[in-house]
Amino acid sequence: MPRIPPAPTRWTMSVLHFFMRRAMRRLAGRSPARMFEPIELLAYMPRVLVAYGRLEQATARLHHLPRRLGDLAELKAATMTSCAYCIDLGSQIARHRSGITDEQLLALPRYRESPLFTDREKLVLDYAVAVSRTPVEVSDALFERLHEQFTDAQLVELTYLIALEHFRGRFNKALGIGAAGFSEGMACALPPGAGA
């Protein structure tokens, strides 16, 4: 349960709930009741909520990077912040949209040693880890390896997806937003050090 109660309900929240539920069913295949907690708190700042909604809509239309790689990067970033909501949702999206298996979700903390990920996927996951560190630690050597595999537009998109996931995760963690039930009863990615 979040540390702050939801913002007072307005008719616009009912409309937002309708569209968010529809979008989540399309994206994740399910729409649990607790999925609204982040937007119910952002509703304390209506203009920011509207802008954030537009940001998420624009993000959904990104197309330079293969979806699977973007989903893996976002999910790895979510595990690095240990955001239960983000890990829960990210695991379901990765499974539903990108065909990432339960075995891969569970192998994510040990992706470097896992035969379940391609070299290109491991490179993207290395980058997600480097960007997720505080302070950020992206070496020139890592970036050169990335630049051999990806275009400039793809690298900007990849970096953006990882950074956006950190915004989401830190917001949710600080305000006590927990798992929403997207992956309930299924495998879910684990944060580093959580074991398998």
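Nothing here was measured: the structure is a model prediction, and the numbers come from that model.
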Open item on the list: Test question: given the 4.5 Å side-chain rule for I, L, V, M, F, W and Y, name all other residues clustered with Val50, or answer none.
Closed with: none
Open item on the list: Hydrophobic cluster membership, with links at side-chain heavy-atom distances under 4.5 Å among I/L/V/M/F/W/Y: are Leu55 and Met45 in one?
Closed with: yes
TODO: Begin with the C-alpha distance, continue with both residues' side-chain angles, and end with the deciding distance and a verdict on side chain to side chain contact (heavy atoms under 4.5 Å, CB included) for Val124 and Phe150.
DONE: CA-CA 10 Å; Val124 164; Phe150 299 101; 3.6 Å; yes
TODO: Taking Arg95 for its side chain and Thr101 for its backbone only, find out whether a donor-acceptor pair lies under 3.5 Å.
DONE: no
- [ ] Might you point out which heavy atoms bring Ile87 and Ala189 nearest each other, and give the distance in Å?
- [x] CG2-O, 3.0 Å
- [ ] Answer with yes or no whether the hydrophobic clustering places Leu142 together with Val131; edges join I, L, V, M, F, W, Y residues whose side-chain heavy atoms lie under 4.5 Å apart.
- [x] yes
TODO: Any side-chain hydrogen bond (donor to acceptor under 3.5 Å, both in side chains) involving residues 129-141? Give me the pairs, sequence neighbours left out, ordered by first then second residue.
DONE: Ser132-His166
Open item on the list: With side chain to side chain contact (heavy atoms under 4.5 Å, CB included) as the criterion, how do Met24 and Arg21 come out once you've worked through the C-alpha distance, each side chain's angles and the decisive distance to 0.1 Å?
Closed with: CA-CA 5 Å; Met24 283 299 178; Arg21 187 175 305 281; 6.0 Å; no
TODO: To the nearest 0.5 Å, tell me how far Asn172 CG sits from Ile177 CD1.
DONE: 4.0 Å
Open item on the list: For Glu121, is there any backbone N or O sitting under 3.5 Å from a side-chain donor or acceptor partner on Thr118?
Closed with: yes
TODO: Please check if Tyr85 and Leu42 belong to a single hydrophobic cluster, counting links between Ile, Leu, Val, Met, Phe, Trp and Tyr side chain heavy atoms closer than 4.5 Å.
DONE: yes
Open item on the list: If I compare all heavy atoms of Ala128 with all of Ile162, which pair ends up nearest, and what's the gap?
Closed with: CA-CD1, 3.5 Å
- [ ] State plainly whether one hydrophobic cluster holds both Met80 and Val138, where clusters connect Ile, Leu, Val, Met, Phe, Trp and Tyr through side-chain heavy atoms under 4.5 angstrom apart.
- [x] no
Open item on the list: Taking Gly178's backbone N and O only, do any of them form a donor-acceptor pair with Lys173's side chain (distance below 3.5 Å, no angle check)?
Closed with: no
- [ ] Would you check if Leu62 and Leu161 make a side-chain contact, meaning some heavy-atom pair closer than 4.5 Å?
- [x] yes
- [ ] Indicate yes or no for a side-chain donor-acceptor contact from Tyr52 to the backbone of Ile39 under 3.5 Å, with no hydrogens or angles considered.
- [x] no
Task: Closest contact, heavy atoms only, Ser91 versus Ala187 - done: CB-O, 4.4 Å
- [ ] With side chain to side chain contact (heavy atoms under 4.5 Å, CB included) as the test, would you mind laying out the steps for Leu158 and Leu69 before giving the verdict?
- [x] CA-CA 8 Å; Leu158 177 60; Leu69 295 177; 5.9 Å; no
Open item on the list: Working to the nearest 0.5 angstrom, can you tell me the gap between Leu108 CG and Leu190 CG?
Closed with: 8.5 Å
Task: Main-chain N/O of His64 paired to Gln154 side chain as donor or acceptor, under 3.5 Å - done: yes
Open item on the list: Looking at every heavy atom in both Gly181 and Pro32, which two are closest together, and how far apart are they?
Closed with: C-CG, 3.7 Å
Task: Salt-bridge present (Glu165, Arg168; N to O < 4.0 Å) - done: yes
Open item on the list: Please give me the minimum heavy-atom distance between Cys188 and Asp88, naming the atom from each residue.
Closed with: SG-CA, 3.8 Å
- [ ] Kindly check if the number of other-residue, nucleotide or ligand heavy atoms within 6.0 Å of CD (Glu184) is above 12?
- [x] no
- [ ] Drop me the distance from Thr159's OG1 to Leu65's CG, to the nearest 0.5 angstrom.
- [x] 9.5 Å
- [ ] Enter the distance from Asp152:CG to Glu157:CD here, rounded to the nearest 0.5 Å.
- [x] 13.0 Å
TODO: For residues Leu164 and Glu56, determine if any side-chain heavy atom of one lies less than 4.5 Å from a side-chain heavy atom of the other.
DONE: yes
- [ ] Report yes or no: does Arg34 contribute a side-chain atom to a donor-acceptor pair with the main-chain N or O of Ala179 at less than 3.5 Å?
- [x] yes
Task: Spatial distance of atom CD (Glu74) from atom OG (Ser98) [nearest 0.5 Å] - done: 9.5 Å
Task: Neighbour count >12 (heavy atoms, 6.0 Å) for atom CZ, Arg112 - done: yes
TODO: Determine the minimum heavy-atom distance between Thr79 and Lys76, stating which atoms define it.
DONE: OG1-O, 2.7 Å
Open item on the list: Please report the interatomic distance CD(Gln92) to CG(Leu75), rounded to the nearest 0.5 Å.
Closed with: 11.5 Å
Task: Cluster overlap Phe167 with Ile4, hydrophobic side-chain contacts below 4.5 Å - done: yes
- [ ] Spell out, as yes or no, whether a donor-acceptor pair under 3.5 Å connects the side chain of Glu40 to the backbone of Ala7.
- [x] no
TODO: Sorted by first residue and then second, give each ring pair (Phe, Tyr, Trp, His ring centres under 6.0 Å) pair with at least one member in residues 106-140; sequence neighbours left out.
DONE: none
Open item on the list: Using modelled atom types and a 3.5 Å cut-off, is there a donor and acceptor pairing between side-chain atoms of Thr81 and backbone atoms of Ala78?
Closed with: yes
